Every structure is written in structure tokens, then in C-alpha cells.
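Right, one structure below, let's go through it.
These figures come from a predicted structure and were not determined experimentally.
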Amino acid sequence: MATGTGTAATGAARTAALLLLSLVLALAPRASGAAGAGGGDCHFPAIFNFGDSNSDTGGLSSLFGAAPPPNGRTFFGMPAGRYCDGRLVIDFIAESLGMPYLSAYLNSIGSNFTQGANFATAGSSIRQQNTSLFLSGFSPISLDVQSWEFEQFINRSEYVYNSKGGIYRELLPRAEYFSQALYTFDIGQNDITSSYFVNNSTAEVEATIPDLMERLTSVIQSVYARGGRYFWIHNTGPLGCLPYALLHRPDLASPMDGAGCSVTYNKVAQLFNLRLKETVASLRKTHPDAAFTYVDVYTAKYKLITGAKKLGFDDPLLTCCGHGGRYNFDLNIGCGGKKQVNGTWVMGNSCEDPSKRVSWDGVHFTEAANKFVFDQIVAGALSDPPVPLKRACQSKGR
């Protein structure tokens, strides 16, 4: 009897062990977070974004006053912290991954950081600006400041999540999300334009690029040290096709290409992108356990600008929200702004149909243009390595 009981107990134990093992194996893909077991989608639990106005969802507005109407008119029906009539590329990224739109880290009212945070602010640059927002329009929240905010966010959110609990567990990410999240970067445009706007020569602007790459590398490595392993890095767009750049430095507007864009501006943007691609490749070698995806938004944006009419858009350099001149853009009257001219108030108003325009306000794209760019990059056709957004965790060591 004793032997029979022992045998039965042993068999039951083995059965229980096999059931436990089956349960562990069944749950393994979920436990791996963004690992994308079996070559499937990555299932990122969060997004942490760094950048400038191309991906700012409310950072600058929370600091220096809200982006005024008619910003936000197309999708949100009201200003929503974005310098656009609607959604940005980062919003479409969040949508495609099944996540809510990212709350700006600097926005203290109504924010939810459960599935990430946005550290981008309009006017931001990789290098710190030796000026003020009110003098130049460039933000003091440079990329290194954004990385400091990120470090504080990790430390403080983990402390509050564990020590206070309650409602905070519904507003803050879990600790493991930081190593499973997608880290997106879209910055560099303002480093080039700000350098040009203080009348530097092209040679002087180009000479800053190595330093920009070193600073960007330092920030990405600091994120890596904090657990980040999945990076989706945008290059900069064709700056020579932006009305504000052309009017700030009219001497650089010529020669123009067939689309009416500055050849000089765009060559510098292309050089920046070449060095950025090399930098990402170097990071890939230094950190083979991380996944780095270089995303060529320049090509997507230039394709839209040069093929605008065929794609259903109007003149790609004609601003939707602005006033006057060749580009419907005035350096002194921004979108939603006003100025008194000869006793009459002149307004920076929106065009009737933003979906037909590429340029929203002379600096930023419309929602329709942002959607086109997103559609060009989401499947990985313009990425190095050519992985889709949903599988960006699978490019380790590639």
C-alpha cells in the first residue's frame, strides 16, 4: 500500500509539473513583452518619445501657452498641443500599436503615462540653444534636458507606483515597461535651421554635425543604460521645402530644384541624414543586444512634395494656415496670430480644406501629409534594416 500510494503521488506530481510547464510555455510570449517570439509582432507595452515640434503632443504648450486655434481643427476639433490641424506621425504610430496618444511629460493636467510619455517640445534641438524662446523661437528643452526628464520620470514614477499605489498605478507605467518599450526619436531639424538663422555659412552649419551626432549618441546610450532596447530613429526632412526656412534665409532659396525647394538647405539635411545613418550603425555594433531602426522620413516627405499634385494635394509649398505672399506665410504672423497693418488687423487663418495642403503653417505638415508619411514608413520600406514598425524589436544585431 505504501508503495502504491507513493507511486500515485509521484504520478500526480509529474502530471502537475507537466501542466505547470505547459502553462509557463503558453505564457512565455506574453512575459517576453516586446520580444516578438516566433517572428510575430513585438507587442510594445509603451512608447517613450524624444523630439521637436514634429512629434510634440503638448510639451511646449504646457510651458509657454497653448498652441492657438485653428490648430487641432481637423481631428481634435480644438487645439490639442500640436502645431498641426490634427494628428502627427507619432499619433499614427501610437494608433497602429494599439496605444492611446502620448501625453506630454510637461503637461500636468489630465495626463496618463500608463503606456508611455512624450518628452518632445516644439523648437527643441539636439544642442542647447544660446538664446531664449522669445528671441529666437527655439526651445530651451534640448535633447539632453529631455533625457534628464526621462531619468526623473523613471525614478519618480517607480517610487510613486510602489510607495503610494492607488490611482497612481492607473496613471504610471509598470517598471518592466521601460525595458520593453519602443523609444522613438525625431530631432535635428532645428539644429540646422537655428544655425542658419544666425547667418552661419553652409560650411559652418555642416561643421556642427559631428558634434550633433556625439550628443545624440550620448543621449541614446543613457536611455540604453536605463533599460531601453528598442529604438526607432527618424532622420530629418527636406528643410529646403519649408516656407519659414526659405523666408528666414532668402539668400539660400536659390538655386531651387524642380519642386521649388532650396538645394542648399536640402544638401545639408542629406548630409545630416548620412551621418545619422552611420551613427545608428555604430550604435548597433556597440549594443548588439538592442534593436536600432533608422527611418528615412526625408524620402517620404520629398516624395510627397514632388508628387503632391498626383497624390491629390495642392501646391506643396503653399501654407494652409497663414497670411500673404508666395507661400501664404508671414514671419510676423503665425497660424492663429494677428497683426495690425495700416490700422487693419491681419489674421493667420486656416485654408478651407487642410486635407489638400502639405504645409500646415509653413513649418509643420498637415494631418493629411503626416498620414502620408506614416503610411510610407510603417511597413519598413524606408527603414534600415527594413523591418515594419510592429516588428522593430526584431532587428537586434542587424
Is a side-chain donor-acceptor pair under 3.5 Å present for [Y] with [X]?
| X | Y | value |
| --- | --- | --- |
| Ser55 | Asn49 | yes |
| His248 | Thr193 | no |
| Tyr105 | Gln146 | no |
| Ser195 | Asn200 | yes |
| Ser62 | Asn107 | no |
| Thr121 | Asp56 | no |
| Gln129 | Ser125 | yes |
| Tyr302 | Asp296 | no |

Compare every heavy atom of Arg127 with every heavy atom of Asp191, then report the nearest pair and how far apart it is. OD1-N, 3.0 Å
How about [atom1] on [X], more than 12 heavy atoms from neighbouring residues, nucleotides or ligands closer than 6.0 Å, or not?
| X | atom1 | result |
| --- | --- | --- |
| Met347 | CE | yes |
| Ile167 | CD1 | yes |
| Asn130 | CG | no |
| Arg226 | CZ | yes |

Is there side-chain contact between [X] and [Y], with at least one heavy-atom pair below 4.5 Å?
| X | Y | result |
| --- | --- | --- |
| Asp85 | Asn71 | no |
| Tyr101 | Glu95 | yes |
| Leu246 | Phe329 | no |
| Ser350 | Trp360 | yes |

Determine, using ring centers only, whether [Y] and [X] are less than 6.0 Å apart.
| X | Y | value |
| --- | --- | --- |
| Tyr183 | Phe150 | yes |
| Tyr230 | Phe44 | yes |
| Phe365 | Phe372 | no |
| Tyr168 | Tyr161 | no |

Quick one: list whatever passes salt bridge (Lys or Arg N to Asp or Glu O under 4.0 Å) with Arg326, sequence neighbours left out. Asp315
Those residues at least two apart in sequence (or on a different chain) that pass salt bridge (Lys or Arg N to Asp or Glu O under 4.0 Å) with Asp144 are none
Answer yes or no: is there an ion pair linking Asp314 with Lys356, defined by an N-O contact shorter than 4.0 Å? no
Test of understanding: clusters of I, L, V, M, F, W, Y form through side-chain heavy atoms closer than 4.5 Å, transitively. Do Phe231 and Tyr177 belong to the same one? no
Name all pairs fulfilling the side chain to side chain donor-acceptor pair (under 3.5 Å) condition that reach into residues 327-348, sequence neighbours left out, sorted by first residue then second. none
So if I apply the side-chain hydrogen bond (donor to acceptor under 3.5 Å, both in side chains) rule between Gln189 and each of Asp52, Asn54, Asn235, which one comes out positive? Asn54
Qualifying residue, where the test is side-chain hydrogen bond (donor to acceptor under 3.5 Å, both in side chains) with Glu367 and the options are Arg73, Arg82, Arg87: Arg87
Is the terminal nitrogen or CZ of Arg249 (NZ for Lys, CZ for Arg) located under 6.0 angstrom from the six-membered ring centre of Tyr196 and within 45° of that ring's axis? no
Row check, Tyr224 ring normal vs Arg229 NZ/CZ: under 6.0 Å, within 45°: yes
Is a side-chain N or O of [X] found less than 3.5 angstrom from the main chain of [Y], in a donor-acceptor match?
| X | Y | value |
| --- | --- | --- |
| Tyr298 | Asn273 | no |
| Gln221 | Ser218 | no |
| Gln394 | Gly40 | yes |
| Asn190 | Ser124 | yes |
| Thr366 | Ala369 | yes |
| Thr236 | Ala269 | no |
| Ser111 | Ser108 | no |

For the pair Cys241/Cys261, is the SG to SG distance below 2.5 Å? yes
